[in-house]
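Just below is one structure, and these are the notes that go with it.
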Amino acid sequence: MSACLDITNLSAVLANGQRVLRSVSLSLQPGEVRALVGESGAGKTMIGKAVLGVLPSSVRIVEGNMSLEGEDLGRLQPRARRTLIGARTALIPQDPLTALNPSRRIGPQMTDRLVRILGWNGDKADKRVRQLLDEVQIRDPDRVLKSYPHELSGGMRQRVLIAAAFAAEPRLIVADEPTTALDVTVQKQILRLIADLQREHGTAILFVTHDLGVVAKISQKVSVLYAGKVVEEADTARLFEAPLHPYTRALMAATPRYTDPFASLKPVDETVLAGLAAEIAAADQTWRHLHG
Amino acid sequence: MAEPLFSVRGLKVALPDMTRKPLIGRAPLVEILKGLDFDLPRGSVTGIVGESGSGKSTLGRALVRLLEPSAGSISFEGRDIAHLPEAELRPLRRDLQMIFQDPMSSLNPRRTIASIIAAPLRQNGLGDNLKTRVAEALQRVGLPQSFAGRYRHQLSGGQRQRVGIARALALSPKFVLADEIVSGLDVSTQAQILTLLEKLAAEMGLTVAFISHDLSVIRRLCRQVIVMREGRIVEASATDALFENPKEAYTRDLLAAIPLPEIDADWLRPKAPA
């Protein structure tokens, strides 16, 4: 069985030649939840965008392969690639308010995708959307489908987007910080929903987050990123039991924990940062050597 | 026990609800704070925690009188400042300083860091030895002297927040309001800023109201905690007592919702029906 998503040696640069992704490799099995964790500038969102084919025009992929269920995306014509990505992937974005069109009701926004991309008829799409709203525990679908985005709370909007993401039965979902803007109690409900739907539908998820707490709860595997490079990759259980890379250990020590206030919130040590800088410089030197 | 710095009784704040404003005429008022009673003891950090809409930021803004309460009293060093007119507040302003979430928008883009830190000193008649005072302020927050001539866009998020702290502390205020000051920062930077604030608060004996949505951060930094929900105080107590023995169900729910960075296979399972 081929992997759901396979990324090998993906490198991307900005117009000025600066590398923003540094030979990233990762592989997701069907139904696996993989966390991409790192601080700002680590490239975690960039990887998600690369997979979905929506990188900003300022970023250029210069090396590497990506394949979805065994189909090499780089070998497809742009149109065929978009169709494949549209049919097999979906996005759960961070900010549900900007991801929804403010001037359209929720209903048509949710069914549109099914009608346009999958060619379903309106009735089938409507039925499917209602089924998914039920799965995300929205008990009054008629009201929600008739609402405009601003009429719903942040948690409700995120439920709508989760339902929309799962509606087309994608094989892979990119979830980009889907709970970062939410209050903790709502975050917990939303994480639980994503986990339940993921299990029932067998969807693989690339879960982008900056929060090691969320990583621990939602993922089976994790890639720790720094400056566009995967510094550590592990089963999530192993990572929390025995983090190997000094940066992973530093991130864990910096993350606040109310259960252990004085062993947490430790500033990252200068030697760790110096070590990372050296690691990145060495990787870049090898890369330049190979690519002239 | 020493007299508290702040003693707040029956505090209510009502603000115009712009979502219900008629085309012509005033927006109806909506009560954000619905009668709060609490004290802020001198020389310690008090955490104010709550989810969005709980009124925690409104409470902070009322304490430093960026807002005028609609009812109740705010006694600061024994004097009720709840309804003082701006002219009478002005001499108190130097003692009531604040640090905000987003230093990008609270630092003037066209002024150098030195001039940003110097402004409150000048306004308060401390214009002599400005250079030395600014140098001291930079040193206090761990920024190199070379930063004096820079502008805000040349600084990282953590460095900007250090400038925010330097400016707030330049006047040795009696009270500092810190509203979500690490929310936008990466964890490694967050740890640096919190350690800095912790150290300065202890060294200078500051009284701080530390507003945050993050109970883990509060536990580390604060001696007592006020938990808010929908404009009311749910629970207020010493930090250790609150975390070890939360009395209110809401506080327990908040704690249980925090995803700790450790493996817990049961965390996402729905609660068994009681």
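Scope of the values below: all heavy atoms of this structure, side chains included, with no hydrogens, waters or symmetry mates. Convention: sequence-line order gives letters A, B, ...; per-chain numbering from 1.
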remark   = So, the part of B/Ser188 with a heavy atom under 4.5 Å from chain A: the answer is both
From [atom1] ([X]) to [atom2] ([Y]), nearest 0.5 Å:
X: B/Glu262; Y: A/Thr259; atom1: CD; atom2: OG1; value: 5.0 Å
X: A/Thr185; Y: B/Arg229; atom1: OG1; atom2: CZ; value: 8.0 Å
X: B/Ile193; Y: A/Leu265; atom1: CD1; atom2: CG; value: 12.0 Å
X: A/Asp196; Y: B/Leu268; atom1: CG; atom2: CG; value: 8.0 Å

Tell me, for [X] versus chain B, whether the close heavy atoms (under 4.5 Å) come from the side chain, the backbone, both or neither.
X: A/Tyr258; result: both
X: A/Glu39; result: both
X: A/Val215; result: neither

Taking atom [atom1] as the centre, does [X] end up with more than 12 heavy-atom neighbours from other residues, nucleotides or ligands that are less than 6.0 angstrom away?
X: A/Lys146; atom1: NZ; answer: no
X: A/Glu200; atom1: CD; answer: yes
X: B/Arg140; atom1: CZ; answer: yes
X: A/Lys49; atom1: NZ; answer: no
X: A/Arg139; atom1: CZ; answer: yes
X: B/Gln139; atom1: CD; answer: no

query = When heavy-atom pairs shorter than 4.5 Å are enumerated against chain A, which of B/Ala265, B/Pro261, B/Ala257 gives the highest number?
reply = B/Pro261
task = Give the member of B/Ile258, B/Leu194, B/Leu254, B/Leu255 that has the highest number of heavy-atom pairs under 4.5 Å with chain A.
result = B/Leu255
query = Taking only heavy atoms into account, what residues of residues 217-227 of chain A are found under 4.5 Å from chain B?
reply = A/Lys217, A/Ile218
Chain B neighbours within residues 147-166 of chain A, where any heavy atom lies under 4.5 Å away = none
request  = Go through A/Ala195, A/Ala237, A/Ser264, A/Ser40 and name the one with the most non-hydrogen pairs under 4.5 angstrom from chain B.
outcome  = A/Ser40
task = Output the residues of residues 205-223 of chain B for which the shortest heavy-atom distance to chain A is under 4.5 Å, in residue-number order; output 'none' if no such residue exists.
result = B/Asp214, B/Leu215, B/Ser216, B/Val217, B/Arg219, B/Arg220
message = Quick check on the structure: residues of residues 51-59 of chain B within a heavy-atom distance below 4.5 Å of chain A, by number.
response = B/Glu51, B/Ser52
key: Side-chain (A/Lys188) to main-chain (B/Ala256) donor-acceptor, under 3.5 angstrom   = yes
